[in-house]
There are 2 protein chains.
Amino acid sequence: MAEALLASTFNRPGHAIVDHRTWVFLGDGCLMEGISHEACSLAGTLGLGKLIAIWDDNGISIDGHVEPWFSDDTPKRFEAYGWRVIRDVDGHDPAAVDAALRTAMDDVGKPTLVCCRTVIGHGSPNKAGTHDVHGAALGAAEVAATRAALGWPHAPFEIPAEIRAAWDQRETGAARRRDWSARFEAYRAAHPELAAEFERRGMRHALPADYAPRSAEALAKVVAEAATIASRKASQNAITALLPLLPELLGGSADLTGSNLTDGKTSVPVRRGPEGPGEGGSATSPDPLGGRAPRSGGQGALHGNHVNYGVREFGMSAIMNGLALHGGFIPYGGTFLTFSDYARNAVRMSALMHQGVIYVYTHDSIGLGEDGPTHQPVEHVSSLRLIPNNRVWRPCDAVETFVAWQAAVERRDGPTCLILSRQNLPAQARDAAQVDAIRRGGYVLAGGDAPARVTLLATGSEVGLAMAARAQLAADGIAARVVSMPCCEVFDVQDAAYRAQVLPRDVPVLAIEAGVTNFWRAYTGFDGDVIGIDRFGESAPAPQVYEALGVTAARIVERATALAAKATA
Amino acid sequence: MAEALLASTFNRPGHAIVDHRTWVFLGDGCLMEGISHEACSLAGTLGLGKLIAIWDDNGISIDGHVEPWFSDDTPKRFEAYGWRVIRDVDGHDPAAVDAALRTAMDDVGKPTLVCCRTVIGHGSPNKAGTHDVHGAALGAAEVAATRAALGWPHAPFEIPAEIRAAWDQRETGAARRRDWSARFEAYRAAHPELAAEFERRGMRHALPADYAPRSAEALAKVVAEAATIASRKASQNAITALLPLLPELLGGSADLTGSNLTDGKTSVPVRRGPEGPGEGGSATSPDPLGGRAPRSGGQGALHGNHVNYGVREFGMSAIMNGLALHGGFIPYGGTFLTFSDYARNAVRMSALMHQGVIYVYTHDSIGLGEDGPTHQPVEHVSSLRLIPNNRVWRPCDAVETFVAWQAAVERRDGPTCLILSRQNLPAQARDAAQVDAIRRGGYVLAGGDAPARVTLLATGSEVGLAMAARAQLAADGIAARVVSMPCCEVFDVQDAAYRAQVLPRDVPVLAIEAGVTNFWRAYTGFDGDVIGIDRFGESAPAPQVYEALGVTAARIVERATALAAKATA
């Protein structure tokens with residue numbers, strides 16, 4: 001997908017600078033996993049003709065011969081996905097494999113599955129064809145027997161000269177590289193701006209030089225608007241603002257585009273075939289120069305900048321990892337927060353592989369209302385925060401949402417989860433220093449100018465409740481400070497002085513978040529308190545669910561008053 | 001699967017007391033999800049002839065007409081799974097649907113997919129066939145137009161008498177129920193013990209009357225053995241001990257049977273066809289009376305009590321939910337802890353639906369060693385604890401493992417995750433009161449008889465480290481208490497006096513767990529400390545990874561000494 005989209009964006013007649021294949025090796029176990037269905041079905045639909053998967057069909061998985069638990073007609077299954085299937089290749093016959101791969105390399109507008117029949121542990125006289133060679137070493141005796149059976153007299157790590165010569169592709173590779181570089185120079189001569197942009201996006205992976213001022217300008221506009229809207233809507237506005245600045249943004253949704261609001265004004269659905277009007281929108285590549293150069297018509301099999309991933313949360317997330325690893329894109333994709341569970345391993349892999357994937361998770365709490373507990377995340381925000389190297393932003397209004405988006409696109413060495421509300425969130429007032437402080441992950445939103453008897457620490461939709469409670473507490477004669485904490489991971493790495501200034505240790509902390517409470521004990525200690533939800537939700541209009549589960553301004557006032565009294569006593 | 005296995009266990013010639021179908025309704029979105037592949041592939045392999053899925057083929061998902069993101073040849077895909085496919089049924093023609101369902105009810109030893117072409121919003125003149133009717137109400141005007149188009153003059157909720165009469169199945173249902181009851185009485189007369197057992201397992205869902213004493217006896221044996229073994233091995237021993245007591249235990253693994261050790265001595269792989277030797281073991285039904293009655297040969301399409309689920313973690317977990325909801329089984333299934341991410345939504349659903357599913361998660365930390373960070377869970381134990389109504393047991397030795405298994409099988413209103421080590425864990429010494437206290441989730445393992453200057457709070461494999469550190473601290477003149485906390489959720493609901501006795505507030509707590517630290521701040525407050533791992537792991541032999549990541553007895557001694565000094569100061 002990355003290759004096809006970059007090709008349609010950057011290639012020009014006579015200049016196919018993006019033109020490569022993606023090779024996949026997979027075994028029986030891979031074919032059992034659900035993600036194989038999600039990814040391969042979508043690959044077929046998108047007609048990814050340069051995707052070639054080689055199936056090591058050895059009939060063995062860890063539990064043994066697979067027939068009792070895996071009897072799919074895999075070639076037929078892949079034909080049902082619209083793939084070309086090359087059947088019955090003898091995986092131990094180099095000539096047969098070579099012929100099959102050459103056929104596979106002929107792009108017919110479909111991905112190709114090459115079915116190679118193999119024997120696991122080929123050559124081992126006593127263990128070939130059994131799962132004993134799946135995860136354990138052969139052992140010295142069987143290694144010796146295998147050497148004898150294969151007629152392999154060479155010492156370990158000794159590669160015979162004729163094999164080394166046949167396998168050595170250094171010259172071939174260097175020549176190909178020289179050829180590509182020459183072609184790229186020709187491209188640069190013909191299309192200097194496109195070439196510079198390709199180098200920036202595809203090779204240096206740097207943000208545009210004018211990103212910073214234009215992004216700051218866009219933020220200033222959001223601050224000035226002070227809109228009371230849902231943070232998912234604020235996120236859509238941010239996408240609309242950022243798309244012209246960052247043509248590498250490649251959006252999408254797992255069949256919830258109109259709910260996640262992942263499509264900005266210039267989003268164009270990714271579709272197959274030559275440019276032109278397509279189903280569900282006009283299928284044209286986005287202008288790679290963001291309006292700074294006249295359009296000149298790309299070439300390629302896919303066009304657009306917003307992927308309808310279908311109901312495939314895990315597939316979407318793993319594909320975004322692939323797009324990020326490939327380079328040339330900042331992938332973002334949406335689903336309901338509760339469905340992040342389907343894709344959790346991919347989020348972990350983004351973090352482990354240091355990939356700057358952006359997860360847009362909307363409908364972030366019991367605030368989604370009527371869809372009920374299956375759809376109401378209560379543990380998910382905390383749970384995503386536990387993944388090392390992951391950053392979770394839960395903004396409280398449109399301004400924090402824009403800053404979260406800035407942080408997400410600027411973070412190119414790890415993933416960001418944007419946790420967004422379905423319901424409207426009140427705009428909060430901030431001075432310039434407070435707007436700047438959002439980037440620090442946590443900051444004093446109100447009451448920073450006077451001593452407080454209690455700190456109300458909240459995120460997202462609960463910041464508005466905390467602000468309402470603060471007003472009531474003030475009327476009751478209790479000075480409270482409100483700390484908005486959109487991103488704990490960023491706040492936690494601020495210097496100790498800043499953290500102590502935001503959360504003074506001698507003021508008791510009441511944390512408020514419409515989710516499980518455990519996470520916040522790290523910020524409250526034994527002397528503070530947490531208002532949250534340690535149970536599943538309920539199906540009802542959002543205000544009623546908030547009321548029923550006790551996440552209200554009145555309850556904040558009650559618990560804050562008790563904390564302040566205890567601290568004074 | 002539940003029906004087929006209960007039938008083979010309880011039916012006898014002339015007595016088909018278990019004989020029912022499972023009906024599934026699914027739409028295009030369901031067919032995009034990866035779990036549809038995992039579950040339907042396995043259903044085909046197992047030949048579940050009484051499983052009938054009806055596909056509402058309306059070509060619409062939330063993002064619109066599905067062609068640009070879903071173009072599978074679904075009938076062909078299901079034929080590749082070994083399903084019977086009934087194609088091209090007009091879903092709006094009752095006679096055509098009726099004929100198709102009658103065909104589907106003829107059991108040919110394959111699941112059946114009935115493909116019903118439909119128009120979403122059928123009858124709505126302006127919205128039929130569009131995604132506008134997927135998630136939003138028609139609205140008053142369109143409802144009126146639809147009534148006119150369908151010629152439906154009746155008031156809302158008014159059901160015309162002739163339709164009510166045709167749809168009213170109360171008499172038919174009551175007659176069928178009477179018929180089944182009569183047949184069950186005949187069965188009871190012929191097979192009184194089997195009938196009583198069926199009522200216990202399949203209808204009352206109660207543990208056997210002799211479970212408690214036999215289970216206690218088995219625990220006493222484990223205590224006496226004091227084996228230093230991996231907790232996954234201790235778990236296998238527990239399974240072997242419990243299988244004869246609880247024939248409703250239905251095990252399995254997602255292709256890691258030999259690693260998860262989910263197969264006990266009397267485990268028999270679930271296989272198709274008549275009883276007799278099968279691939280990978282003899283395919284016989286387990287004796288439903290646990291050795292208390294002579295075998296008399298069951299009938300049914302599936303036999304065995306341990307499922308090779310294949311590499312299908314999510315499918316396995318969701319199937320276990322189905323088995324539990326069906327009744328007659330205590331399902332348990334294994335995978336590596338890190339792969340719990342693939343199945344997280346199913347664990348959540350077990351908890352939300354109050355189903356007593358048992359998840360056997362082995363290879364529970366960096367202690368798995370060489371497989372490296374992709375396979376080393378660091379956030380998973382904490383993350384599973386955040387799911388409401390879930391219980392997570394991480395036992396420190398064979399005795400705690402057996403008690404965890406007892407708690408799991410006795411808990412029939414919610415899931416249990418058993419978090420088990422790959423590596424050996426030293427047997428800990430306990431008196432009878434301490435063995436009893438394991439059931440309370442957390443208890444004083446050492447140092448409860450004297451005042452301590454620091455409490456070492458640990459789980460699983462880190463309890464051994466804490467015990468070693470305690471010995472060193474004693475040599476240094478610092479009295480330390482070791483609290484083993486195999487299950488926080490159970491400890492947290494003990495009475496306040498017990499909790500305060502185990503974790504006295506005035507003694508600083510050092511928590512130790514080879515995973516993310518945030519969770520434990522709730523037990524340490526600001527004055528305590530946590531030794532854990534807030535990063536991904538490394539690939540190396542386990543002792544080296546522990547050393548590299550600083551989870552060692554020496555580090556516990558160092559941090560505990562600092563805590564004790566600070567508390568004294």
From the list B:Ala522, B:Ala346, B:Gly315, B:Ser36, the residue making the most non-hydrogen contacts under 4.5 Å with chain A is B:Ala522
Let me confirm one number: the CE-CD1 distance from B:Met316 to B:Ile35, rounded to the nearest 0.5 Å. 11.0 Å
Given the options A:Val347, A:Asp72, A:Asp255, A:Thr45, which has more heavy-atom pairs under 4.5 Å with chain B than any of the others? A:Asp255
Can a donor-acceptor pair be found between the side chains of A:Ser383 and A:Arg344 at a distance below 3.5 Å? yes
Do A:Thr262 and A:His306 meet the criterion of a side-chain donor-acceptor pair at a distance under 3.5 Å? yes
With chain B, which of A:Asp341, A:Val530, A:Asn389 has the greatest number of heavy-atom pairs at distances under 4.5 Å? A:Asp341
I'd like to know if the side chain of B:Asp63 pairs up with that of B:His131 as donor and acceptor (distance under 3.5 Å, no hydrogens or angles considered). no
With chain B as the partner, which of A:Asp73, A:Leu352, A:Thr524 has the greatest number of non-hydrogen pairs under 4.5 Å? A:Leu352
Regarding B:Thr335 and B:Arg312, is there a side-chain donor-to-acceptor distance under 3.5 Å anywhere? no
Engaged part of A:Phe314 at the chain B interface, taking heavy atoms whose separation is under 4.5 Å: side chain
Regarding B:Arg385 and the six-membered ring of B:Phe519, is the cationic atom NZ or CZ under 6.0 Å from the ring centre and inside 45° of its axis? yes
Check each atom of A:Thr374 against the heavy atoms of chain B and say whether the ones under 4.5 Å are side chain, backbone, both or neither. both
Within the 3.5 Å criterion, strictly below it, is a donor on A:Trp520 or A:Ser382 matched to an acceptor on the partner's side chain? no
Do any N or O atoms from the side chain of B:Gln376 and from the backbone of B:Gly369 form a donor-acceptor pair under 3.5 angstrom? yes
Name the region of A:Met353, side chain, backbone, both or neither, that has any atom closer than 4.5 Å to a heavy atom of chain B. neither
Go through B:Glu79 and B:Arg87 one step at a time and tell me if the salt bridge (charged side-chain N to carboxylate O under 4.0 Å, His left out) criterion holds. CA-CA 11 Å; B:Glu79 284 171 357; B:Arg87 296 172 182 242; 3.1 Å; yes
Between A:Val378 and chain B, which part of the residue has a heavy atom less than 4.5 Å away: side chain, backbone, both or neither? both
Side chain from CB out, backbone as N, CA, C, O: work out which of these in A:Ala351 comes under 4.5 Å of a heavy atom of chain B, or both, or neither. both
So which residue, A:Val307, A:Ile387, A:Val66, A:Val516, ends up with the most heavy-atom pairs under 4.5 Å with chain B? A:Ile387
Top contributor to chain B interface from A:Thr257, A:Asp534, A:Asp28, A:Leu384 [non-hydrogen pairs under 4.5 Å]: A:Thr257
B:Met349, B:Glu38, B:Glu33: which one forms the most heavy-atom pairs within less than 4.5 Å of chain A? B:Glu33
Residue selection (most heavy-atom pairs with chain B, distance under 4.5 Å) from A:Asp527, A:Leu31, A:Asn308, A:Thr517: A:Asn308
